[in-house]
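To keep things clear, I will list the structure first and then write my remarks on it.
Count residues from 1 along the sequence. Numbering of ligands and ligand atoms starts at 1, following listing order.
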Amino acid sequence: MTRPRILTGDTPSGRLHLGHLVGSLENRVRLQDDHECFFLIANVHAFTTRADRPDDIRRDTIEVVRDYLAVGIDPARSTLVLQSEIRAIPELTFLLAMLLPFARVMRNPTLKAELADKQLEQHSFGFPLYTVGQCADILAFRADLVPVGEDQAATIEMCREVARRFERVYGGAVFPVPEVLLGRVARLAGTDGVHKMSKSLGNAIFLSDGRAEIHRKMRGLYTGRQSATDPGDPDSALMQYARAFVADPDRVRELTDGYVRGEIGDGALKAEVADAIDAVVAPMRERRAAYDGPRGEAAILELLQEHARHAGAVADETLARVKEAMRLDLRTARTEERPRSALATS
Ligand code: ATP
Ligand code: MG
């Protein structure tokens, strides 16, 4: 029996953080056994915001893989995909771009939120193209399921549209229409208390942060509270973290009640939540240690190379099927009528 396929990934624009954990990584670790998993490191897409920092992208590519291994992604069961090694992806990106109205791409809420959050008034042509590239990443692996955070849901919706449109226009039954799978916290707030936690916004607690660093960041967390006896806001980032990371549900209820009634101050709650976060990431530190230093890096490079061979073969097969359906493979001629507009919306 074939297992349903998963593709999801991360941009090496920094190390992975708590938002990745609750938004996507936990689902990945959980689904590794009964799904065929592909986890992609989007090192090409990292150039959309860091074109002038290739060394940082290289470093963070390796750090993201360290984070994967630390969190429990198992390279014996799941395939790591280094985007730059998969030749079929840029080719598919170009072909799929023809099935997406320009205005549709620019209207994508994922893209619009990123342009606003990252203050990218000046962005390259490649920046909006990366959302089309993300459709190509997913479809190259003919994924059935895409575990992501809420911020990416609109892009997955665009990917579903492209998959359907490809079938309508060219046929060939190449792509499943992929489903979104949101995490147990679909959008974790950042320590600024405003934006989503994000690698690029300086508001993240990283999975690789030490205990002291976690406490320091938690002390700086913005809650908007004026004094320790004011009623606390149950919707603040601090309370969201308490619900997400304090293990005992009875304690979460106590903390919520006390905080809302103004009986628990920010400082005490922050310290307790910082301890809870530290307890969640502590086991990761031990697993990460196995991949520390130059020897760890060498092992990671080898792993990436080996996995890229398998991933490349899967994506090549997709591309062959795409080219056949599009009659780009000139050996295939089909006579059936398919008078469909490539940009029609239904
Ligand atoms: P960048 O700031 O460079 O965009 P990022 O922190 O948004 O980085 P991505 O690599 O863009 O991270 O996202 C990787 C995955 O993690 C996506 O599935 C995304 O939806 C999810 N994710 C990112 N941030 C959060 C968050 N704060 N809460 C829940 N899920 C998140
Ligand atoms: Mg992002």
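For the pair M197 and ligand 1, the shortest N or O to N or O distance falls below 3.5 Å. When only interatomic distances are considered, the shortest N/O to N/O separation between T8 and ligand 1 does not fall below 3.5 Å. On a distance-only criterion, L201 and ligand 1 share no N/O pair closer than 3.5 Å.
The single protein non-hydrogen atom nearest to atom 7 (O) of ligand 1 is K196 NZ, 2.6 Å, given as residue, atom name and distance. Considering only non-hydrogen protein atoms, atom 31 (C) of ligand 1 sits nearest to G19 O, 3.6 Å. With respect to atom 2 (O) of ligand 1, the closest heavy atom belonging to the protein is S198 OG, 2.5 Å. Protein heavy atom closest to atom 21 (C) of ligand 1, with residue, atom name and distance, is G149 N, 3.8 Å. Annotation: atom 12 (O) of ligand 1 to nearest protein heavy atom, H20 NE2, 2.8 Å. With respect to atom 17 (C) of ligand 1, the closest heavy atom belonging to the protein is Q152 CG, 3.8 Å. Ranking protein heavy atoms by distance to atom 28 (N) of ligand 1, first place goes to L188 N, 2.9 Å. At the shortest separation from atom 10 (O) of ligand 1 among protein heavy atoms lies K199 NZ, 2.6 Å.
Near G23, with a cut-off below 4.0 Å to any heavy atom, the atoms of ligand 1 are 29 (C), 30 (N). For ligand 1, the atoms closer than 4.0 angstrom to any heavy atom of A186 are 28 (N), 29 (C), 30 (N). Taking every heavy atom of S13 and a limit of under 4.0 angstrom, the matching atoms of ligand 1 come to 1 (P), 3 (O), 8 (O). Residue K118 has at least one heavy-atom neighbour below 4.0 Å for each of these atoms of ligand 1: 1 (P), 2 (O), 3 (O), 4 (O). Residue-ligand proximity, R187 to ligand 1, at heavy-atom distances under 4.0 Å covers atoms 28 (N), 29 (C). Residue contact check: G9 has heavy atoms under 4.0 Å from atoms 14 (C), 15 (C) of ligand 1.
Side-chain contact between L99 and F166: present, with at least one pair of heavy atoms (C-beta onward) separated by less than 4.5 Å. Between L40 and L82, the closest side-chain pair of non-hydrogen atoms is not below 4.5 Å. Inter-residue side-chain proximity for E85 and L304 is flagged as unmet; no heavy-atom pair is nearer than 4.5 Å. Annotation: side chain of D278 is in contact with side chain of R285 (closest heavy-atom distance under 4.5 Å).
Summarising the contacts of atom 20 (O) of ligand 1 with L181, V148, D151, T48, the nearest heavy atom is found in D151. Among R15, E150, H17, the residue whose heavy atom sits closest to atom 6 (O) of ligand 1 is H17.
Using a 30° and 60° split on the angle between ring planes, F245 and Y241 fall in the perpendicular class, above 60°. Note on ring orientation: taking the six-membered ring where Trp is involved, the planes of Y130 and H45 are perpendicular (angle over 60°, cut-offs 30° and 60°). Using bins of under 30°, 30° to 60° and over 60° for the plane-to-plane angle, the ring pair F39/Y68 lands in the perpendicular bin.
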message: Go through it in stages, so that I can follow the logic: the residues are T2 and E36, the test is side chain to side chain contact (heavy atoms under 4.5 Å, CB included), and I'd like the CA-CA distance, side-chain angles, deciding distance and then a yes or no.
response: CA-CA 8 Å; T2 57; E36 187 185 358; over 6 Å; no
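Both cation-pi conditions hold for R225 and Y259: the charged atom is under 6.0 angstrom from the six-membered ring centre and inside a 45 degree cone around its axis. At least one test fails for R142 against the ring of F175: distance under 6.0 Å to the centre or angle within 45° of the axis.
Screening R50, R15, K199 against D60 for a side chain to side chain donor-acceptor pair (under 3.5 Å) leaves a single residue, R50. Test H20, M284, H17, R288 against D67 for side-chain contact (heavy atoms from CB on, under 4.5 Å) and you get one pass: R288.
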